[in-house]
Number of protein chains: 2
Amino acid sequence: MPRKGTRKTVAKAADIRTVAALAKVSIATVSRTINGSPAVSDRLSKRVWQAIEQLNYFPNTHARSLVSGRSRLFGIIVENITNPFFPELIQSFEEVAVANGYEILVSSSNSDPAILTTCVRRMLERKVEGVAVLTFGEEEPVLDQLAHHNVPLVLAEFKLDDPKSSTILLDYSTGFKAAVRHLVGLGHRKIAFLAGPHTLHSAITRENDFRNAMQEAGLPVDPASVIVCDHTLRGGVAGFEKLQTLGTRPTAVICSNDMTAIGVLRAGYMKGLRVPQDLSVVGLDDIDFCEFTLPPLTTIRLSRTDLARASFDALRQQAEAAPAAQIQREFLVSTSLVIRESTAPPGWV
Amino acid sequence: MPRKGTRKTVAKAADIRTVAALAKVSIATVSRTINGSPAVSDRLSKRVWQAIEQLNYFPNTHARSLVSGRSRLFGIIVENITNPFFPELIQSFEEVAVANGYEILVSSSNSDPAILTTCVRRMLERKVEGVAVLTFGEEEPVLDQLAHHNVPLVLAEFKLDDPKSSTILLDYSTGFKAAVRHLVGLGHRKIAFLAGPHTLHSAITRENDFRNAMQEAGLPVDPASVIVCDHTLRGGVAGFEKLQTLGTRPTAVICSNDMTAIGVLRAGYMKGLRVPQDLSVVGLDDIDFCEFTLPPLTTIRLSRTDLARASFDALRQQAEAAPAAQIQREFLVSTSLVIRESTAPPGWV
DNA sequence: GTGAAAGCGCTAACAA
DNA sequence: TTGTTAGCGCTTTCAC
């Protein structure tokens, strides 16, 4: 039989005064105890903790933030949560943040400026102490608004002329060079590139770094074999089809991200083309799934743990540094090649 | 040349008093205007909005929450963010929430009670107005703590004896019956099941519903052909291998979730077994990726939009209902079969 | 319809 | 070392 509906007059949750009363100290002492101030005697501290325990008390974050001016909240804005790279990135970011006593507010912009504006607004209202903008896109107007409100920012691959902002530079170059070297070592000469949309900073950087790597290897880049896709699986399928129409067929293709590469894998399979025997495929990101594609994908790894870590560190420094302190405003995250089974000598059996 | 370091003495962000002063009204009027109180004359309202615009003002959420006792925050706890189902679910939940003026706090528990406890604690501190616990697991102790603090709760497939909690029931039964009927229609008689871990409520329910569907179809369930996996891709691979050792080989297999099915697809491919010719495979969830597996996966669709929507509605009702109001405490989310290319008649060419 | 004033739960400056 | 007290920025009575 269900309990009666009386519910013992909904006891208002314990507040700092309740604790103080029970511990027979002032609220200031309770506050100090909670915040680990050294200026509290063991005797009182013990009494306070006991009272806290007994009342199942925990402080009200809103009150705390209001008076201290610190929310211990960071925002993170990603581009597109459908690309597995981003959930994985958020996950890493959250882990670091929570481990360091911060909370996170997540938003995905889907590259829609209107959505982005709302996100930013919401974050501003919640008084975030910093925002990691990991969209890799061009959202400068909105960023200006954040910068305007003196919110520390960390951007991927983009520098804002604001002392409160930091930048994470991604060294794709290392990864691309390794990838090209790897392919050349296998005997490939004709290497195509499936690029990302040119609205993304990262896509442009990646394409440039691919070209540089090719140049360094002394290989020409056939303009027709650099095809702009959109970083989605579907886009990879389309890219593969364009690849097939090329007069001189490349024996290997490097993709601007893993989703594109997975699209190529899939389209290739549907056309009866064998990877890696007929075509070697290289991705970029190293999302968890790469291990399980058919065949497992050779890819340029962009460590999301490193990226998350760097973003967090950048924000934390900005948030916690003394006003005039000199802080690190540029961070470098590296890439490396992970060789799996989607690459082999051309014509290999 | 960079601007000088003076930065026009960091103007403290505008607050309600600034707005009131500029609009030449009292702060009460500003507050009323912002909150859409009808008791403000058009004349003043206009002045206030102008001032707000001009100052680029927005209210401080912490102050608001502190005084009103309402945070407009919901928490959502999911099990494992590596399974694409969950990011997709979070995404949907966030959309509904934001569209309705709520914010969300996300946590993934990874089925670790310690992590869960911290999550709950953090959510409590932020004064969430409700938590959606979509872990499908057994975290009753922690839930008790939430319930204890009078926080509205919505749980998937689990009923808590607390007036502040609601339950979302998942009708897997419809989906399983459709799947079995589909397979039987194709000519299958030996249908195996790769179950989820028995620590999850949902896994147990799914297994039961599978058995019921089989019974209804008049088909026996060979105990050996029900194999417990763990809802991961790796687990699916292992499950497939066990399947291969069975004396009498099933011609079709239904999996407790898509990741398991994808594991089967992959393992099958490595063994040179053809799907669907040699083995029909059915998943459950219908994650985005199903469309792109090789071959595209036939699956029992559990709409995450519906699930997110139901969770949100449940929480909102709890949060906003008048104290004594009668509210809906049970929600039903249905499943349906999505037929793609991983199922075919046994031995079909 | 509008304003004055009393807090929401907490931190931090100041006194003791 | 401890306590008193003044707000943090806002909503919400209660007068007018």
Side-chain angles (χ1 to χ4, degrees), chain A residues 10-49 51-52 55-73 101 124-129 149-150, chain B residues 10-49 51-52 55-73 101 124-129 149-150:
Chain A
V10 184
K12 220 165 64 77
D15 71 355
I16 200 173
R17 256 171 286 268
T18 329
V19 177
L22 183 58
K24 296 198 200 313
V25 296
S26 71
I27 61 168
T29 299
V30 177
S31 176
R32 290 194 190 100
T33 309
I34 291 172
N35 295 304
S37 156
V40 182
S41 70
D42 283 1
R43 200 174 51 89
L44 290 201
S45 161
K46 197 174 289 175
R47 277 204 337 242
V48 170
W49 282 119
I52 288 177
L55 294 167
N56 205 341
Y57 164 83
F58 49 88
N60 179 325
T61 315
H62 300 296
R64 260 220 250 231
S65 304
L66 185 56
V67 54
S68 70
R70 301 215 33 200
S71 62
R72 296 200 76 85
L73 258 181
L124 249 21
E125 290 181 356
R126 301 251 169 218
K127 292 277 178 286
V128 292
E129 293 184 40
H149 282 278
N150 255 287
Chain B
V10 183
K12 220 165 66 82
D15 71 353
I16 200 172
R17 255 172 287 269
T18 329
V19 176
L22 182 60
K24 298 197 197 314
V25 297
S26 71
I27 62 168
T29 299
V30 177
S31 175
R32 290 194 190 101
T33 308
I34 291 171
N35 294 304
S37 156
V40 182
S41 70
D42 282 1
R43 200 173 51 89
L44 289 201
S45 161
K46 196 174 291 175
R47 280 204 335 244
V48 170
W49 282 119
I52 289 177
L55 294 166
N56 204 343
Y57 164 81
F58 49 88
N60 178 324
T61 313
H62 299 297
R64 260 219 255 228
S65 303
L66 184 55
V67 53
S68 70
R70 300 213 37 200
S71 63
R72 296 199 76 85
L73 258 182
L124 248 23
E125 290 181 357
R126 301 252 168 217
K127 292 279 180 287
V128 293
E129 295 184 40
H149 283 276
N150 255 287

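Just so we're on the same page: letters track the sequence lines, and every chain starts at 1.
- The two residues A:Leu124 and B:Phe58 come nearest to each other via the heavy atoms O-CE1, 3.3 Å.
- The separation between A:His62 atom NE2 and C:dG7 atom P is 22 Å, rounded to whole Å.
- Of all nucleotides listed (C:dG3, C:dC10, C:dG1), C:dG3 comes nearest to the side chain of B:Ser26.
- Residue B:Ala28 places its side chain closer to C:dG3 than to any other of C:dG9, C:dG3, C:dC14.
- Residue contacts shown for A:Ile27 include a base, since a base heavy atom lies under 4.0 Å away.
- Taking every heavy atom of both residues into account, B:Ile27 and B:Ile16 meet most closely at O-CD1, 3.7 Å.
- When heavy atoms are screened at a 4.0 angstrom cut-off, A:Val30 is found touching no nucleic acid atom at all.
- Of all the heavy atoms in B:Ser71 and B:Val128, the pair that sits closest is OG-CA, 3.8 Å.
- Residues A:Asn56 and B:His149 have side chains in contact (heavy-atom distance under 4.5 Å, counting atoms from C-beta outward).
- At whole-Å resolution of the value, CD1 in B:Ile16 and C1' in C:dA4 are 14 Å apart.
- Across all non-hydrogen atoms, the minimal contact from B:Ser26 to B:Ala20 is C-CB, 3.8 Å.
- For the pair B:Arg64/B:Ile34, a side-chain contact is recorded, criterion being any heavy-atom separation below 4.5 Å from C-beta on.
- Between A:Ala63 and B:Ser41, the residue whose closest nucleotide on DNA chain C is further toward the 5' end is B:Ser41.
- At a threshold of 4.0 angstrom between heavy atoms, the contacts of B:Thr29 are confined to the sugar-phosphate backbone, with no base atom among them.
- How far CZ of A:Arg126 is from CZ of B:Arg72: 9.0 Å, rounded to the nearest 0.5 Å.
- No hydrogens or angles considered: a donor-acceptor pair under 3.5 Å links the side chains of A:Thr18 and A:Asp15.
- Distance CZ (B:Arg126) to C1' (C:dC10): 14 Å, rounded to an integer number of Å.
- In this structure the side chain of A:Leu44 never reaches within 4.5 angstrom of the side chain of A:Thr33, judged on heavy atoms.
- Taking only distance into account, the side chain of B:Arg43 never meets the base of C:dG1 through a donor-acceptor pair shorter than 3.5 Å.
- One interatomic measurement links the two molecules: CZ of A:Arg32 to C1' of C:dC10, which rounds to 13 Å at whole-angstrom precision.
- Think of the region where chain B sits on DNA chain D: with heavy atoms and a 4.0 Å cut, that region ends 5' and 3' at D:dG9 to D:dT13.
- Distance, A:Asp15 CG to C:dC8 C1': 10 Å, rounded to whole Å.
- Computed from coordinates, the A:Arg70 CZ to C:dA12 P distance equals 10 Å when rounded to whole Å.
- The rotation axes computed at either terminus of the helix from C:dG1-D:dC16 to C:dA16-D:dT1 lie 40° apart, taking five pairs at each end and rounding to 10 degrees.
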